[in-house]
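Start at 1 with the first residue, then count along the sequence.
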Amino acid sequence: MVFRLRWTQIAVWILSVILVAGIIVLYTHKKDGGKEVSSLFEEQSLSEQLLVYLFVPRLQAQSDLFYEPYYTLLRTIAHYFTTVKAVEEAGANICITFALFPYMGPHNPIGEDEVMFCVDHSGKIVEVEFKHLKNDALPDSLNHMTKGTLPPISE
């Protein structure tokens, strides 16, 4: 009984440390310029936040297509690491550009991307452009997840 209680306490302690570490990483993930990425999402208008919520599945799909040749582990696109960069009119279409900060594992950033979608008057959504702007180095513990050279940066 004492032996089981001790292992339970150790397991709870380990899970607590992992949880605290994850929270620290989440809230210290910073974009260039020192602003926390998660706070950038919160500073957006409700309509911009709604656009992010609606497009997260499409953003995830585009990210998966781009990163699949480079990493074995699935990448994550989270709404709190995604912002609306621009909403512009392009003829009869409305184009939305998103800034993405995908990560692997417990919030290890892998880069910065931009994805543009255009929506026509009938509601049809088309991905127009994917730009990979920056590579972030993975921690040593995740280097085995790379398939080789990191993705090329768009210009």
Side-chain angles (χ1 to χ4, degrees), residues 10-45 47-88 90 93-120 123-155:
I10 290 171
V12 168
W13 184 81
I14 290 171
L15 289 174
S16 298
V17 169
I18 291 171
L19 179 63
V20 168
I23 290 170
I24 289 170
V25 168
L26 175 65
Y27 286 103
T28 58
H29 181 118
K30 297 187 184 224
K31 180 184 162 128
D32 293 338
K35 189 115 179 147
E36 290 183 11
V37 174
S38 58
S39 70
L40 291 175
F41 173 78
E42 294 164 358
E43 292 174 3
Q44 295 186 111
S45 69
S47 58
E48 289 173 329
Q49 289 181 19
L50 177 62
L51 285 172
V52 170
Y53 292 151
L54 293 172
F55 277 84
V56 162
R58 291 176 185 273
L59 295 167
Q60 182 69 59
Q62 292 302 315
S63 179
D64 289 346
L65 284 173
F66 178 78
Y67 284 106
E68 194 282 324
Y70 307 105
Y71 297 106
T72 60
L73 186 67
L74 294 176
R75 286 77 36 216
T76 302
I77 299 297
H79 72 276
Y80 46 85
F81 286 157
T82 305
T83 60
V84 174
K85 189 169 182 179
V87 178
E88 302 168 327
N93 298 325
I94 296 176
C95 296
I96 308 159
T97 304
F98 296 93
L100 311 176
F101 302 90
Y103 62 88
M104 288 173 47
H107 296 92
N108 294 297
I110 60 171
E112 180 179 344
D113 304 314
E114 272 184 18
V115 181
M116 179 190 288
F117 290 95
C118 287
V119 183
D120 70 13
K124 181 179 176 192
I125 301 171
V126 178
E127 187 261 334
V128 176
E129 184 175 41
F130 186 102
K131 288 184 183 177
H132 179 65
L133 304 176
K134 178 181 162 192
N135 285 319
D136 287 331
L138 288 175
D140 292 338
S141 63
L142 290 179
N143 278 338
H144 68 283
M145 299 293 181
T146 61
K147 292 182 180 178
T149 309
L150 290 176
I153 295 175
S154 302
E155 297 191 23

Measure the CG-CD1 distance between L54 and I96 for me, rounded to the nearest 0.5 Å.
9.0 Å
Do M145 and M104 come within less than 4.5 Å of each other through their side chains, counting heavy atoms only?
yes
pair T83-Q44: side-chain heavy atoms closer than 4.5 Å
yes
Enter the distance from Q60:CD to L74:CG here, rounded to the nearest 0.5 Å.
7.5 Å
Please name all residues satisfying side chain to side chain donor-acceptor pair (under 3.5 Å) with T149, sequence neighbours left out, ordered by chain then number.
none
Got a second to check how far H79's NE2 is from E42's CD, nearest 0.5 Å?
8.0 Å
Evaluate the side-chain proximity of V87 to L51: yes if any heavy-atom separation is below 4.5 Å, no if none is.
yes
Residues in ring pair (Phe, Tyr, Trp, His ring centres under 6.0 Å) with F130, at least two apart?
F66
The reported gap from CG in D113 to OG in S154 (rounded to nearest 0.5 angstrom) is 8.0 Å
Taking side chain as C-beta onward, heavy atoms only, is M116 less than 4.5 Å from E114?
no
Might you point out which heavy atoms bring G105 and L73 nearest each other, and give the distance in Å?
N-CD2, 3.7 Å
Output all residues satisfying side chain to side chain donor-acceptor pair (under 3.5 Å) with Y71, sequence neighbours left out; order by chain, then residue number.
none
From T82 atom OG1 to Y53 atom OH, the distance as rounded to the nearest 0.5 Å:
11.0 Å
Roughly how far, to the nearest 0.5 Å, is NE2 of H132 from CD1 of I110?
7.5 Å
Is atom CD1 of I153 surrounded by more than 12 heavy atoms (other residues, nucleotides or ligands) closer than 6.0 Å?
yes
For F55, check ring pair (Phe, Tyr, Trp, His ring centres under 6.0 Å) against everything at least two apart and list the hits.
F98, F117
For C118 and N93, work out which heavy atoms get closest and say how close.
CB-CB, 4.3 Å
Side chains of V115 and L100: does their closest heavy-atom pair fall under 4.5 Å?
yes
Is the shortest heavy-atom distance from the side chain of F81 to the side chain of P102 under 4.5 Å?
no
For E68, the side chain to side chain donor-acceptor pair (under 3.5 Å) test, sequence neighbours excluded, returns K147
Heavy atoms only: give me the nearest Y70-P152 pair and the separation to one decimal.
OH-CD, 3.3 Å
Restricting to pairs with a member in residues 58-67, which pass salt bridge (charged side-chain N to carboxylate O under 4.0 Å, His left out), not counting sequence neighbours?
D64-R75
